[in-house]
Amino acid sequence: MSQTWKNKGYWKWGLLILSALLFTFSIVFNRFSTYRSSLQGEVKKAEKYLHNQQKDFEKFLQDTVLVGKLVRNAEDRGQFDALIAKKYGIYLYEVKETGTLTLNFWNTQLVLPPDETFSVPEMEEYLSLPNGEYLIVKKTLRVFEQTIMAYAMIPVKTIYFQEKSYLPSRMVYSEDVDGRVMIATDETDFPVKSLSGKSLFYLDKVATSGLQVNDNLTIFLRASALLILLLVVHLFAETLARNRIGKGVAFLVCCLVFIRVLTYIFPEILNLRQFPLFDPQIYGSSIVQRSLGDLLLNSIFFCWMVVFTWSKVHQRKDLTTPWIKSVKWPVAIFCICLLIYSTFILSSVIRSIVADSKISFDVTNFFSLNFYTVVGFFVLATLTLSYFYFTQLLFRIIFPVLGNNRWLVYFGIAFSGLVFLSIRSGDPTVLFYLPVLAWLLLYTWLIDREGKILTRFRINVAGILFWIAIFSISIAAIMLAENRKAEWEKRKFYAEKANGTNGSIQRTADEHRACISRCRLPGREFPSFL
């Protein structure tokens, strides 16, 4: 790369063009190929699952010694356990000379071969049964002078009369296909074929599902385009900040805010809802924080803006030096209000991520923690880092303006905070924000006295560990309080539910007693069992 190319920054524009091309390719590819390619991919998954089970069944039938043992109930424990572990049902019927059938072996109790298939010599059919949809393979073989009818019932979709979380109605071949793909009632261009090439059933997109799922190539192209775009924005901001810091910061902030707002207004650009992280059922508190993924992106973007700004001005103890005096006081008052508001926002997000989500933060129960817990802790760490540097920037405006009257800082925080809470009088969150306001006053005092508190330490790590401890204890206190409230609400719910169940049982018992008393015959007493 030539020096002229580097100096003029043509390569940055080249990256910007590359980002636009990648995004354009993703749109074109998604429009013309996603529907077909995604369904073709699901067909391949379904056929691979069915073919593997059919091949396994054929391999099982070739072992006539094992089949003979199973018919005579002479298999050992290891052979039996291996058959129990299979994902499909195996049934061996012995055909008597009289023509009657005897079921000598089965490896599951979930389903039995339908009676109408007994008269068919061999078959490979897709049938709908009361508890699901199956590919039924039937073979007839001779084992030790005995005629055996062998069935393989390969589940395609489970169906339960009363669906529960532990008994879901779902497609068997894949865990993440439900809600996107369904078994079509009519023929489509996407048949699922058996090992012999026979069309069994047809797949189609779920018509009622508003959730569009992109294929892997589209996701890769759009993610690459976004990352390159963000890199270009950062590089341009760095270039502008070399001449004037304000321009670089303003450019970065405006670009990141514009990109994020664009994803809210036009969600189909990235189609983030297709990912479980952006599912509002996991977490959602407002139109801005619609999911844990949205909160993650917002926290990363905000942290990016704050850390970038801090990296450019951290050596300046007074950010108001170039300003005229008439501007300093209004800006300082605005910064105090912004300090209070940002503190309330941070505390409410911490509270919400525990109270309004299905994310477990109970570290005492290790097995309740999952991927969303890790993401939640990362979000909290990112928000804490952002808040610390953001308040440092605000204090470098507030303290220099009110340097000779430090008491005005504490008075302004307390007065503005109480006015804000008074406006929200009657809101139950006011009781939550009062201790948060007290914490903010203590935090401001620690920032003001930081040099004196840490004067005995001669390494910079001491200050980092000090603030990590402060924020960790504060966040842990909020999360502990919210966990207790959530646990209390659960106990109340289960107690009310148990009380309602007991009441129903008592009413049923009373009705039975009344029925027994009405049904007594003259001269005969029925014992009461209730």
Side-chain angles (χ1 to χ4, degrees), residues 241 244-250 252-253 302-348 382-421 433-475:
R244 289 192 63 180
I245 295 176
K247 284 186 177 181
V249 172
L252 180 69
V253 171
F302 182 64
C303 185
W304 188 352
M305 293 184 288
V306 171
V307 172
F308 179 84
T309 305
W310 176 257
S311 66
K312 302 304 177 185
V313 301
H314 68 279
Q315 295 180 347
R316 300 183 183 180
K317 299 299 181 181
D318 184 359
L319 300 180
T320 65
T321 303
W323 300 351
I324 59 177
K325 190 174 182 180
S326 59
V327 175
K328 291 183 178 180
W329 274 87
V331 173
I333 294 173
F334 174 76
C335 288
I336 291 177
C337 296
L338 192 58
L339 174 66
I340 298 170
Y341 184 73
S342 62
T343 305
F344 286 166
I345 288 293
L346 175 66
S347 60
S348 65
T382 306
L383 289 175
T384 303
L385 179 66
S386 307
Y387 176 80
F388 176 71
Y389 285 124
F390 182 68
T391 53
Q392 288 284 351
L393 293 173
L394 294 180
F395 283 130
R396 294 195 177 189
I397 297 175
I398 296 172
F399 283 132
V401 175
L402 306 175
N404 298 326
N405 301 291
R406 295 297 177 97
W407 63 272
L408 286 177
V409 177
Y410 303 100
F411 175 79
I413 293 174
F415 180 77
S416 302
L418 291 175
V419 169
F420 175 77
L421 295 180
Y433 287 136
L434 278 175
V436 172
L437 182 60
W439 179 90
L440 177 58
L441 291 170
L442 177 61
Y443 173 70
T444 305
W445 181 81
L446 290 173
I447 291 290
D448 189 22
R449 302 290 179 177
E450 181 180 7
K452 296 180 180 179
I453 294 174
L454 302 176
T455 187
R456 297 183 180 181
F457 298 98
R458 297 185 179 275
I459 53 177
N460 294 330
V461 178
I464 298 174
L465 295 178
F466 174 77
W467 290 116
I468 288 176
I470 292 295
F471 284 108
S472 299
I473 294 172
S474 304
I475 293 175

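Quantities reported herein were computed from a predicted structural model and do not represent experimental measurements. Note: hydrogens, waters and symmetry copies are ignored here, and every other heavy atom, side chains too, is used. Numbers here simply count residues along the sequence, with the first being 1.
Residues Thr384 and Phe388 are not in side-chain contact: their nearest non-hydrogen atoms beyond the backbone lie 4.5 Å or more apart. At least one side-chain heavy atom of Thr444 sits less than 4.5 Å from a side-chain heavy atom of Phe395. The shortest side-chain heavy-atom distance between Trp329 and Leu402 falls under the 4.5 Å cut-off. Looking at heavy atoms from C-beta onward, Phe334 lies out of side-chain contact with Val331 at the 4.5 angstrom threshold. Side-chain contact between Thr320 and Val327: absent, with no pair of heavy atoms (C-beta onward) separated by less than 4.5 Å. Counting heavy atoms from C-beta outward, Gln392 and Ile447 have side chains that approach closer than 4.5 Å. For the pair Phe390 and Trp310, the minimum side-chain heavy-atom distance is 4.5 Å or more.
Interatomic distance, CG of Leu434 versus CG of Leu418, reported as 7.5 Å (0.5 Å rounding). Note: Ile340 CD1 to Cys335 SG = 11.5 Å, rounded to the nearest 0.5 Å. Remark: Leu440 CG to Leu339 CG distance equals 4.5 Å, nearest 0.5 Å. Atom-to-atom distance recorded for Thr343:OG1 and Leu394:CG is 9.0 Å, nearest 0.5 angstrom.
Residues Ile398 and Ala332 share a closest heavy-atom pair of CG1-O, 4.0 Å. Contact record, Ser416 with Ile336: OG-CG2, 4.5 Å, taken as the closest heavy-atom pair. The minimum heavy-atom distance linking Lys317 with Pro400 is given by the pair O-CG, 4.0 Å. The two residues Arg396 and Arg316 have their closest heavy-atom pair at NH1-O, 2.7 Å. Among all heavy-atom pairs drawn from Leu393 and Leu319, the shortest one is O-CD1, 3.7 Å. Closest of all the heavy-atom pairs between Val306 and Ser386 is CG1-O, 3.6 Å.
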Worksheet entry | Verdict with supporting geometry, Val307 and Phe302, side-chain contact (heavy atoms from CB on, under 4.5 Å) | CA-CA 9 Å; Val307 172; Phe302 182 64; over 6 Å; no
Discussion item. Pair Leu252, Trp304 - check side-chain contact (heavy atoms from CB on, under 4.5 Å), show working.
Written reply: CA-CA 9 Å; Leu252 180 69; Trp304 188 352; 4.2 Å; yes
Discussion item. For Asp448 and Arg406: C-alpha separation, side-chain torsions, deciding distance, then whether salt bridge (charged side-chain N to carboxylate O under 4.0 Å, His left out) applies.
Written reply: CA-CA 9 Å; Asp448 189 22; Arg406 295 297 177 97; 2.2 Å; yes
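One side chain, Thr391 or Tyr443, offers a donor N or O that lies under 3.5 Å from an acceptor on the other.
Shown are Tyr433, Tyr387, Trp439; of these, the ring pair (Phe, Tyr, Trp, His ring centres under 6.0 Å) with Phe344 is made only by Tyr433.
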